[in-house]
Engineer: 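This is the structure, below, for whatever I ask next.
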Amino acid sequence: MSEAPELAAAQERIAAAPDEHALRQLEREYAGVVGARLAAIPSLPASERRAAGQSANLLKQAIEAAALRRHEALQAAALMAERLLGGIFDPTLPAPKPRRGSLHPITRVTRELEDLFTSMGWHVLDGPEVELERYNFDALNIPRDHPARDTMDTFRCDAEGKLVMRTHTSPVQVRAMERLKPPFRAIVPGKVFRNETKDASHEHTFHQVEGLAIDRDLSVGHLIGAMKTLLRGIFGRDIEIRLRPGYFPFVEPGFELDARCPFCQSGCSVCKQSTWIELLPCGMVHPNVLRAGGIDPEAWTGFAFGLGLSRLVMLRYGIDDVRLLLSGDLRFLEQFA
Ligand code: DAH
């Protein structure tokens, strides 16, 4: 019997085995055939032994491979049948869509503001979250016994109090002055930390965007112009503003900037029926701060603002609990997909 038809016949039978039991029987049958061939070899003429051995091995390997293939096919079919019968898996249904992430609302608004300001030639700067007390307070004209330190519920990082978790992004003002030659303009988006009891409007960690412009002869008019541009960028249209006096040690004069409520005409819950919302503190950079940053206050002037980014994001998206922002809660985050 020539080899090829014999092999083909064996492979065909094995591939058609209807179940595991039949498959095992075929395997035994062919193991017998191969065994008999091998056993007969010693009684063959020496010239034929080699060829007989090779052909027996070929048959053995072909049968093993065919049996393995059939075994796998039977198993897959059994699994499929089980799932179909059990109703667990319907292979005709479209595959589930992969879950797509989305940008955090803070990231979105940060990027929008970065685009807005870089398009006007401002830098975007970064600063350390663990900050030297010197930058967080002293250089900002807040000396050691100044009451403003108490209002900032500071997390301290070492026993001497030289290192703090920055309580605002303002320390980067002074770092920027040290690094960049005036004139320059920069915003600093980032996290800040305060040892606050958490509730719907307080978090120990939140976001601010600091702004600083240093140039010759800057005035409150320039500050107002920049703030109007900022609001137009945020709300997509011109928004009326007003300035009230506000005290911050690092600016003089200092202001609280209110914006006409973008959500109503005549009073709503966001503006507490007043039609104004308190949006950001700002002012003209105090000469002591310029000096701390190595800039001559006789030659240069500056304005600065501190935008409460967390609050702005809450306003923008109608979020009523600041704690949601850093909760990592997917039910919250998925709404921004
Ligand atoms: N750093 C202040 C705070 O977190 C906010 C602030 C006020 C920043 C006035 C400024 C500014 O740049 O001019 O309370």
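Given the structure is predicted, the values throughout are model-derived calculations rather than measurements. All ligand and atom numbering here is 1-based and tracks the order in the structure.
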Engineer: Which ligand 1 atoms are under 4.0 Å away from a heavy-atom of Val251?
Structural biologist: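 The list of qualifying atoms is 13 (O).
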
Engineer: Output the rest of the hydrophobic cluster of Val192: all Ile, Leu, Val, Met, Phe, Trp and Tyr residues reachable through side-chain heavy-atom contacts under 4.5 Å, sorted by chain and number.
Structural biologist: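 Cluster partners of Val192: Phe206.
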
Engineer: Identify, by atom number and element, the atoms of ligand 1 in contact range of Ala304, meaning under 4.0 Å from any of its heavy atoms.
Structural biologist: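 Atoms satisfying the 4.0 Å criterion: 12 (O), 13 (O).
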
Engineer: With heavy-atom distances below 4.0 Å as the criterion, list the atoms of ligand 1 near Cys282.
Structural biologist: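 Selected atoms, number and element: 9 (C), 11 (C), 13 (O).
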
Engineer: Quick one: look up the protein heavy atom nearest atom 5 (C) of ligand 1 and list residue, atom name and how far away it is.
Structural biologist: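 Answer, as residue, atom name and distance: Pro281 CG, 3.7 Å.
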
Engineer: Counting each atom of ligand 1 from 1 as listed, which ones have a heavy atom of Gln173 under 4.0 Å away?
Structural biologist: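 So the atoms of ligand 1 that pass are 12 (O).
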
Engineer: Give, for atom CD of Glu112 and atom CG of Leu312, the distance between the pair rounded to the nearest 0.5 Å.
Structural biologist: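 Rounded to the nearest 0.5 Å, the CD-CG separation comes out at 9.0 Å.
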
Engineer: Enumerate the atoms of ligand 1 whose separation from the nearest heavy atom of Gly283 is less than 4.0 angstrom.
Structural biologist: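 Matching atoms, with element in brackets: 13 (O).
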
Engineer: With a 4.0 Å cut-off, would you call Glu240 and Arg260 a salt bridge?
Structural biologist: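 So Glu240 pairs with Arg260 through a salt bridge.
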
Engineer: Among all the protein's non-hydrogen atoms, which is closest to atom 14 (O) of ligand 1, and how far away is it?
Structural biologist: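 Nearest protein contact, heavy atoms only, for atom 14 (O) of ligand 1 is Arg194 NH2, 3.6 Å.
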
Engineer: Quick one: side-chain hydrogen bond (donor to acceptor under 3.5 Å, both in side chains) pairs with a partner in residues 95-107, sequence neighbours left out?
Structural biologist: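 Residue pairs with at least one partner in residues 95-107: Arg99-Glu334.
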
Engineer: Please determine if Arg244 and Asp258 form a salt bridge, counting it only when a charged side-chain N lies under 4.0 Å from a carboxylate O.
Structural biologist: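 Yes, charged N to carboxylate O under 4.0 Å.
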
Engineer: Give me the ring orientation class for Phe336 and Phe332: parallel if the planes are under 30° apart, tilted from 30 to 60°, perpendicular past 60°.
Structural biologist: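 Correct class here is perpendicular.
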
Engineer: So is Gly254 in contact with ligand 1, going by heavy-atom distances below 4.0 Å?
Structural biologist: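 In this structure, Gly254 fails to qualify as a contact of ligand 1 - no heavy atom is under 4.0 Å.
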
Engineer: How far is atom 12 (O) of ligand 1 from its nearest protein heavy atom, and which residue and atom is that?
Structural biologist: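 Going by distance alone, atom 12 (O) of ligand 1 is nearest to Glu210 OE2, 2.6 Å.
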
Engineer: How far is atom 11 (C) of ligand 1 from its nearest protein heavy atom, and which residue and atom name does that atom have?
Structural biologist: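 Answer for atom 11 (C) of ligand 1: Phe250 CE1, 3.6 Å.
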
Engineer: Looking at side-chain heavy atoms only, is the closest gap between Val164 and Phe193 below 4.5 Å?
Structural biologist: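 With C-beta onward as the side chain, the pair stays apart.
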
